[in-house]
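Just so you know, residue 1 is the first one in the sequence shown, and it goes up from there.
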Amino acid sequence: MSTKRLGLIMHGVTGRMGMNQHLIRSILAIRAQGGVTLSDGSRVMPDPILVGRNAEKMQELARRHGIERWSDNLDAALENRDDVIFFDAGTTQMRPTLLEKAIRAGKHVYCEKPIATNLDEALRVVRLAAEAGVKNGTVQDKLFLPGLEKLRMLRDSGFFGRMLSVRGEFGYWVFEGDWQPAQRPSWNYRDEDGGGIILDMICHWRYVLDNLFGQVKSISCLGATHIPERWDETGKPYKATADDAALCDVRA
């Protein structure tokens with residue numbers, strides 16, 4: 001049985017989401033099980049290179065998880081033709097530029113959401129990928145959570161009958177960062193750095209609603225900042241300028 005190497009560039013995996021969800025629970029888990037078996041019996045084995053601006057962080061992350069390749073030079077990584085996929089889980093503001101650079105280098109692209117902080121940039125990236133003919137995709141991981149899988153099964157079985165309305169509540173407490181470290185990066189709570197729960201989470205809710213309940217036709221949303229001050233990764237206080245709560249009315 002043959003095994004095909006799949007070289008991929010992983011950018012932004014020193015953050016909580018990129019490291020835990022995409023590196024450890026996805027790529028490393030696939031490697032640990034021996035790759036992915038295809039219909040013809042062959043296997044695909046991902047071979048990642050970890051890329052970021054801080055060489056010490058990249059080297060330590062690679063060492064800790066037994067990954068041979070790492071770099072602090074993204075341009076050099078993109079020049080390697082043996083690595084055909086570019087994945088990004090960095091900050092939202094950086095994403096359009098990084099995706100465009102990867103697409104122009106001929107890479108297939110997969111990334112965290114949202115693609116950009118505004119519609120024009122997002123459409124430019126999508127159109128560029130279509131023109132280049134590269135495969136492209138954005139994370140839609142919530143569809144595969146056990147609870148939502150069970151919900152889909154119940155829907156398909158007719159358990160709910162005809163669904164006329166759905167109420168959804170999502171959230172978890174993120175520590176302010178003073179007496180206990182925050183579980184999310186500080187930039188998530190600064191509007192000037194691309195933060196905000198509306199920008200971050202409604203793109204998740206949209207595909208969940210579309211795939212489980214019905215095609216979304218309209219949405220209205222009210223955002224609020226309930227916690228006005230937080231503490232960053234260095235222990236310094238900062239003003240939370242981004243929304244940390246959202247109340248939405250969605251019509252399908």
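Using a 4.5 Å cut-off on side-chain heavy atoms (C-beta onward), Phe86 and Leu78 make contact. Using a 4.5 Å heavy-atom threshold, the side chains of Ile9 and Leu74 count as touching. Residues Ile27 and Phe87 form no side-chain contact, since every pair of their non-hydrogen atoms from C-beta on lies 4.5 Å or further apart. Counting only heavy atoms from C-beta outward, the side chains of Met45 and Arg31 approach each other to under 4.5 Å. For the pair Ile219/Ile202, a side-chain contact is recorded, criterion being any heavy-atom separation below 4.5 Å from C-beta on. Counting heavy atoms from C-beta outward, Met10 and Val51 have side chains that stay 4.5 Å or more apart. Residues Val84 and Leu8 fail the side-chain proximity criterion, which asks for heavy atoms closer than 4.5 Å. Between Tyr189 and Val174, some side-chain heavy-atom pair lies under the 4.5 Å cut-off.
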In residues 34-43, what donor-acceptor pairs under 3.5 Å come from side-chain atoms, sequence neighbours left out?
unit_1: Thr37; atom_1: OG1; unit_2: Arg43; atom_2: NH1; d: 3.4
unit_1: Thr37; atom_1: OG1; unit_2: Arg43; atom_2: NH2; d: 3.4
unit_1: Asp40; atom_1: OD1; unit_2: Ser42; atom_2: N; d: 3.0
unit_1: Asp40; atom_1: OD1; unit_2: Ser42; atom_2: OG; d: 2.6
unit_1: Asp40; atom_1: OD2; unit_2: Ser42; atom_2: OG; d: 3.4
unit_1: Arg43; atom_1: NH1; unit_2: Gly34; atom_2: O; d: 3.0
unit_1: Arg43; atom_1: NH1; unit_2: Gly35; atom_2: O; d: 3.4

Determine all donor-acceptor pairs shorter than 3.5 Å in which one atom belongs to a side chain in residues 159-168; sequence neighbours excluded.
unit_1: Arg167; atom_1: NE; unit_2: Glu169; atom_2: OE2; d: 3.1
unit_1: Arg167; atom_1: NH2; unit_2: Glu169; atom_2: OE2; d: 2.8

Which side-chain N or O atoms in residues 98-105 pair as donor and acceptor under 3.5 Å with protein atoms at least two apart or in another chain?
unit_1: Glu100; atom_1: OE2; unit_2: Arg124; atom_2: NE; d: 2.8
unit_1: Glu100; atom_1: OE2; unit_2: Arg124; atom_2: NH2; d: 3.2
unit_1: Lys101; atom_1: NZ; unit_2: Asp75; atom_2: OD1; d: 3.2

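In this structure a side-chain-to-backbone donor-acceptor pair under 3.5 Å is present from Asn211 to Tyr207. Side-chain atoms of Asp88 never come within 3.5 Å of backbone atoms of Cys111 as a donor-acceptor pair (strictly under, hydrogens ignored).
With 3.5 Å as the limit, one finds no donor-acceptor pair spanning the side chains of Thr117 and Gln93. With hydrogens and angles left out, the side-chain atoms of Asp244 and His226 include no donor and acceptor closer than 3.5 Å. Using modelled atom types, one finds no donor on one side chain facing an acceptor on the other under 3.5 Å when comparing His204 with Gln140.
Between Asp232 and Arg230 there is no salt bridge, since no side-chain nitrogen of the basic residue lies less than 4.0 Å from a carboxylate oxygen of the acidic one. Between Lys107 and Asp83, none of the side-chain N atoms (NZ, or NE/NH1/NH2) sits under 4.0 Å from a carboxylate O, so this pair counts as no salt bridge. At a threshold of 4.0 Å, the pair Asp72-Arg53 does not count as salt-bridged, since none of the basic side-chain nitrogens sits closer than that to a carboxylate oxygen. Electrostatic pairing of Arg206 and Asp210 counts as a salt bridge here, judged by a charged N lying under 4.0 Å from a carboxylate O. A salt bridge does not link Lys236 with Asp178: every distance from a Lys NZ or Arg NE/NH1/NH2 to an Asp or Glu carboxylate oxygen is 4.0 Å or more.
The distance from the NE2 atom of His11 to the CZ atom of Arg95 is 10.0 Å, given to the nearest 0.5 Å.
Annotation: salt bridge (charged side-chain N to carboxylate O under 4.0 Å, His left out) contacts involving residues 8-19, sequence neighbours excluded, are absent.
Under the salt bridge (Lys or Arg N to Asp or Glu O under 4.0 Å) criterion, Arg127 pairs with no residue, sequence neighbours left out. Applying the side-chain contact (heavy atoms from CB on, under 4.5 Å) criterion to Glu192, with sequence neighbours excluded, gives Arg190, Thr241.
Atom NZ of Lys57 is surrounded by 12 or fewer heavy atoms from other residues, nucleotides or ligands within 6.0 Å.
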Go through the steps for Glu233 and Ser186 under the test side-chain hydrogen bond (donor to acceptor under 3.5 Å, both in side chains), then give the verdict.
CA-CA 7 Å; Glu233 292 79 2; Ser186 59; 2.8 Å; yes

